[in-house]
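Report on the structure given below.
Note that the structure is a prediction, hence the values are computed from the model and not measured.
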Amino acid sequence: MKKTLFWLLLLVMAPIAVLIITTPMDSQKQYIFALISILCLVLLNFSKTRAVSVVLILISALMSTRYIYFRATQTLYFNSEIEAILGTGLFLAELYTWVMLLLSYFQGLFPLERKIDPLPEDQRLWPTVDIYVPTYNESLDVVRDTVLAAQCIDYPQDKLKIYLLDDGKRSEFAVFAADVGVGYITRTNNAHAKAGNLNHAMELTQGELICVFDCDHVATRVFLQATVGAFLKDSRLALLQTPHYFYSPDPFERNLTRGRSIPNEGALFYGPIQKGNDNWNATFFCGSCAVIRRSALQQIGGFAVETVTEDAHTALKLQRLGWRTAYLGIPLAAGLATERVVLHVIQRNRWARGMTQIFRVDNPLWGRGLTFPQRLCYLSAMLYFQFALPRIVFLTAPLAYLLFNLNIIHSSASLVFAYALPHLLMSIIVGSRLNGRYRYSFWGEIYDLLLAFHLALPTMVTMLFPKRGKFNVTDKGGLLNAGYFDFAIVRPHIIVASLLLIAIISGIVRAVGHDYFAVDPGVIALNVGWAMYCLFFLLGAIAVARETRQVRKTIRIDVELPVIIHYASGIASRSVTRDLSMGGCRITLPDNRHLTDEIEEIELELSSGAICLPVTMVGASEDDIRLMFAELPLPLRRELVRVVLSRADAWIQPVRAQDNPLVSFFTIGRCIIDVFVRSWREWRAAARARHATPPRKDDEEKAV
């Protein structure tokens, strides 16, 4: 009913919308119209109802379309060929941004908050499930806990089988699988990488449903009970995807001083975007943390092998044949994020190439089987990964005028600003309203700029030659003993930042002496402001390359559990944990007995029982003691996995505070300052150490 009313409203408002978009105005009238429009939007924004959100989306879309119409009809006149090339390139970049804005509004218009479908009480009706854990070159330390967590899942044992799919053909993995009692599958070749590995396993197993976990994703005990019921309720449901939640920090969270206070990079996709896709039956398969119906997979010939993003392509094939897909937005499993910026870039490079391949070899815009909204959702995903070139165009565009005096926008600065102001401000306000708990304002600039220079060439090459490239596995679980600045990964960013700084200085000089240089101060001011805006976010992207130390092999999780501390003297004390990991824990200090008595083990108390773990004390403070677990046998480690990683509520986090665009902007500024001040201090300290005067030989002899 709501959707029908929405489309009727669009139809009625269409003539008014055309009038708003196409009516030309001089700069003074456009300023008045812009300010009135922004004021109306700000006042409406105080209401938090869904209906008002729809109205705000329509207002923002109208003003952005009005800006694009203005650019297309009044500013594309050029005095030279080079200006025509650069100016047309800038307009195409703006056109791309406008299309992506409209598609994002469409996806986020009606997010579906799906609930868990309970399983029937009669377990005989529950389907059989095969759990696949594919691996290639990851260490056993990463894979072990994933398999043990899968064994902790609450599901009838006669209906659940777990398989370790080892494309690395490693003997220690086979021994581990035998020791813990799970299936071990390997093959003679590595054709089609992960997709081929999964398809090979399908030929050797028989479960009605297939559950896939990447080898670093540990499932909670309720994973199958929360997901399988949907397949019994809907016989045409082929896929149910759950979020990829990461319990380790990504490079942005770890390297930026305030990175942990913002939603991580994937929160937007696994929040509003996937919920919006679900509303249109366009949920994407993300390669892990999902359940798929075997019969549906068999109908499309197994997991897709034509592209390096086998997951999204598989979902597309299922939807083309009329199968339904679903998204349950509850984190039921957790994995490791990419640890280094360079690894983050490699992973996103593969995603960009894969979505570009789908665009070329199986374009959702063409062919049968998809609804119009499904096509738009896939178009949004495919076009998003083409952001690299438009981002670079926006970064470098002000250089054309400030350094080379080229006019690539044929208009007065006042008129451009009058049209651009509502377009930019409204998109920020509406974006913050819709996605403000999942993506804070302006942070998308940092995420995209870091990747832009590295994705531009691969996406263009893939667009021309879609068969090139291969599947790359993202390394996980690495350590870093000393921090460093990764100049190699941000070298192009530093070059462009330097050019922007030179352009800003040049522009200020020309503005001060505008009579001598015969230039329009308004045009100078517009381009200098544009360059400063670009430089600000470019510095934010550069700051992410300041890699911080990572010496903990296991990730701490903040959790309070009752614990009993057992001392060598036989005395025991009760306390609670402050944090817990697979390697140790931090416990609130009950008394000072640890100063004189050795701690032998701790006993974690659970509602389902208790487990005792041998420990060694590694440190203490006035408030807590830090304990390290001894090497554990596999059965005991499985129980620890159940406690630390597989609790039903392990990854349920409080909702983030609503975004405030101004606060978000200044937070980025603080991150930039903090990182560069810290780097400067470290560089100065290292320089002093290098230039310190070595002791004279006679001084050394006297000291001896």
Side-chain angles (χ1 to χ4, degrees), residues 13-47 52 55-78 87 90-91 93-95 97-99 101-102 105 394 397-398 400-402 407-433 441-442 445 504 507-508 510-512 514 519-537 660-662 664-666:
M13 295 293 294
I16 301 174
V18 172
L19 187 65
I20 292 174
I21 292 169
T22 59
T23 301
M25 296 181 184
D26 59 31
S27 59
Q28 185 177 0
K29 292 178 181 177
Q30 175 60 25
Y31 269 120
I32 295 171
F33 179 62
L35 292 175
I36 292 174
S37 301
I38 292 170
L39 180 61
C40 291
L41 185 135
V42 170
L43 292 176
L44 286 171
N45 195 39
F46 284 105
S47 172
V52 170
V55 172
L56 295 182
I57 287 174
L58 293 177
I59 294 174
S60 176
L62 281 176
M63 299 308 290
S64 293
T65 305
R66 176 173 171 79
Y67 171 73
I68 290 296
Y69 182 81
F70 157 74
R71 287 280 284 117
T73 57
Q74 299 186 43
T75 66
L76 299 181
Y77 304 96
F78 307 104
L90 176 60
F91 175 70
E94 290 182 287
L95 194 63
T97 304
W98 172 71
V99 170
L101 179 68
L102 297 186
Y105 284 165
F394 286 130
Y401 182 80
L402 294 175
N407 289 295
I408 59 177
I409 300 178
H410 183 81
S411 180
S412 68
S414 177
L415 196 58
V416 170
F417 191 74
Y419 274 89
L421 179 67
H423 160 55
L424 294 174
L425 286 183
M426 287 185 177
S427 61
I428 292 170
I429 293 170
V430 174
S432 176
R433 177 188 176 94
S441 299
F442 306 112
E445 304 281 342
I504 290 168
I508 293 173
R510 292 171 66 190
V512 171
H514 62 89
V519 294
D520 182 353
V523 176
I524 288 287
L526 177 64
N527 281 275
V528 168
W530 184 355
M532 292 176 68
Y533 182 88
C534 293
L535 180 61
F536 178 78
F537 292 110
N660 182 313
L662 284 176
S664 182
F665 185 86
F666 285 111

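Distance alone, capped at 3.5 Å, places no donor-acceptor pair between the E445 side chain and the F537 backbone. In terms of modelled atom types and a separation under 3.5 Å, the side chain of T65 and the main chain of A61 share a donor-acceptor contact. With hydrogens and angles disregarded, no donor-acceptor distance shorter than 3.5 Å links the side chain of N45 to the backbone of L41.
Interatomic distance, I504 CD1 to I524 CD1, rounded to the nearest 0.5 Å: 12.0 Å. Distance check, rounded to the nearest 0.5 Å: CZ of F442 to OH of Y533 gives 5.5 Å. Between R510 atom CZ and N527 atom CG the span is 8.5 Å, to the nearest 0.5 Å.
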What pairs of donor and acceptor atoms, side-chain ones from residues 422-430 against any protein atom, are under 3.5 angstrom apart with sequence neighbours left out?
residue, atom, partner, partner atom, Å
H423, ND1, S64, OG, 2.8
S427, OG, H423, O, 3.1
S427, OG, L424, O, 2.8

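Counted within 6.0 Å of CE on M25, heavy atoms from surrounding residues, nucleotides or ligands total more than 12; the atom is thus considered enclosed. For F417, the CZ atom is loosely surrounded, since the number of other residues' heavy atoms within 6.0 Å does not exceed 12.
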Item to check | Chi angles and distances behind the side-chain contact (heavy atoms from CB on, under 4.5 Å) call for L402, W530 | outcome: CA-CA 11 Å; L402 294 175; W530 184 355; over 6 Å; no
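Between F665 and F536, the ring-plane angle classifies as parallel under the 30° and 60° cut-offs.
Taking every heavy atom of both residues into account, R71 and G87 meet most closely at NH2-O, 4.4 Å. Across all their heavy atoms, F78 and I408 have their closest contact at CE2-O, 3.4 Å.
Partners of R66 by salt bridge (charged side-chain N to carboxylate O under 4.0 Å, His left out), not counting sequence neighbours: none found.
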